[in-house]
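Within every chain, numbering begins at 1; the chains are lettered A, B, ... in the order of the sequence lines, protein sequences first and strands thereafter. Because the structure is a prediction, the values reported are computed rather than measured.
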Amino acid sequence: MTTVQQAFLGSFEKELIAEIEEVSVVKQFKAGEIIMDIGQYIKAMPLVLDGVIKIIREDKKEGELLLYFLEKGDTCALSIACCVGSKKSEIRAIADVHTTVAMIPNQYLDSWMGTYKTWRNYVLESYSNRLNELLSTVDNIAFSQMDVRIMNYLKEKASIRNSQKIEITHQVIANDLNTSRVVVSRILKSLENQGKILLQRNNINLL
DNA sequence: TCATTAACACGGG
DNA sequence: CCCGTGTTAATGA
């Protein structure tokens with residue numbers, strides 16, 4: 001299992017890592033498990049030690065949309081604001097694969113900003129990273145056709161997994177991109193005909 | 001025109 | 001048999 005040390009050795013000073021290890025609670029989530037749901041009050045900030053988390057926005061009318069992924073070493077920037085203001089979560093976080101996170105109780109977040117420069121930088125940088133990812137997601141939705149969006153989705157999945165093979169069903173892609181499975185199936189089929197991918201049951205190969 | 005919905009057949013596990 | 005997949009026909013934006 002990945003420890004806080006292994007995930008953050010390069011980014012935090014030893015004292016901070018020691019303090020994180022002391023106060024945080026390490027939790028594991030299986031693929032598909034909900035880590036944080038919409039409307040929930042957030043009392044701890046998650047640091048991703050291992051695995052991948054999907055951050056999803058949901059409309060009232062059961063519309064779902066993937067915002068971005070969190071990987072090893074990332075944190076959910078939205079949760080920081082929620083923790084400090086003890087507000088409800090606006091998003092849903094789901095474990096995409098088996099995932100390990102360190103939950104830091106919110107009373108430490110503020111004081112560490114003053115005490116540890118690396119922590120301060122990490123939080124600020126995390127904000128800017130998430131914002132950039134959000135922007136490219138918005139660009140994708142606003143300016144790209146569904147076939148491009150699906151291609152980008154597949155590429156992102158592949159790079160996160162470090163594999164050209166993606167284990168996923170058409171329905172899940174449809175949910176993440178907020179469209180119907182018929183469209184996903186049709187576009188995947190045409191991508192296959194173009195020689196860009198190879199389709200198997202529960203499996204997509206990028207070429 | 002293109003997405004969605006519903007419905008159906010096919011096939012693998 | 002159940003689920004994922006591929007396709008079609010009808011409907012809507």
Looking only at atom types and distance, does a side-chain atom of [X] sit under 3.5 Å from a main-chain N or O of [Y], one as donor and one as acceptor?
{"X": "A:Thr179", "Y": "A:Ala174", "value": "no"}
{"X": "A:Glu133", "Y": "A:Tyr68", "value": "no"}
{"X": "A:Ser89", "Y": "A:Gln40", "value": "no"}

query = Of A:Leu188 and A:Arg201, whose closest DNA chain C nucleotide lies nearer the 5' terminus?
reply =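 Checking each residue's closest nucleotide, the 5'-ward one belongs to A:Arg201.
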query = Roughly how many Å is it from CZ in A:Arg186 to P in B:dT4, rounded to a whole number?
reply = 9 Å
Integer-rounded Å distance: B:dG11 P and A:Asn202 CG = 18 Å
query = Hey, is CD on A:Glu125 packed in by over 12 heavy atoms from elsewhere, all under 6.0 Å?
reply = no
ask   = Does A:Asn203 reach the side chain of A:Lys165, with side-chain heavy atoms less than 4.5 Å apart?
value =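 Yes; the side chains approach each other to less than 4.5 Å.
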Tabulate atom names and distances for all N/O pairs under 3.5 angstrom spanning the protein and nucleotides 7-9 of chain B.
none

key: Pair A:Phe12 + A:Tyr116: ring centers closer than 6.0 Å   = no
query = First and last nucleotide of DNA chain C touching chain A, 5' to 3', heavy-atom cut-off 4.0 Å?
reply = C:dC3 to C:dT8
message = Run A:Tyr122 and A:Leu16 through side chain to side chain contact (heavy atoms under 4.5 Å, CB included) and show every step you take.
response = CA-CA 12 Å; A:Tyr122 173 71; A:Leu16 177 54; over 6 Å; no
request  = Kindly give the heavy-atom pair with the smallest separation between A:Ile91 and A:Cys76, and that separation in Å.
outcome  =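 Of all heavy-atom pairs spanning A:Ile91 and A:Cys76, the closest is CD1-SG, 4.4 Å.
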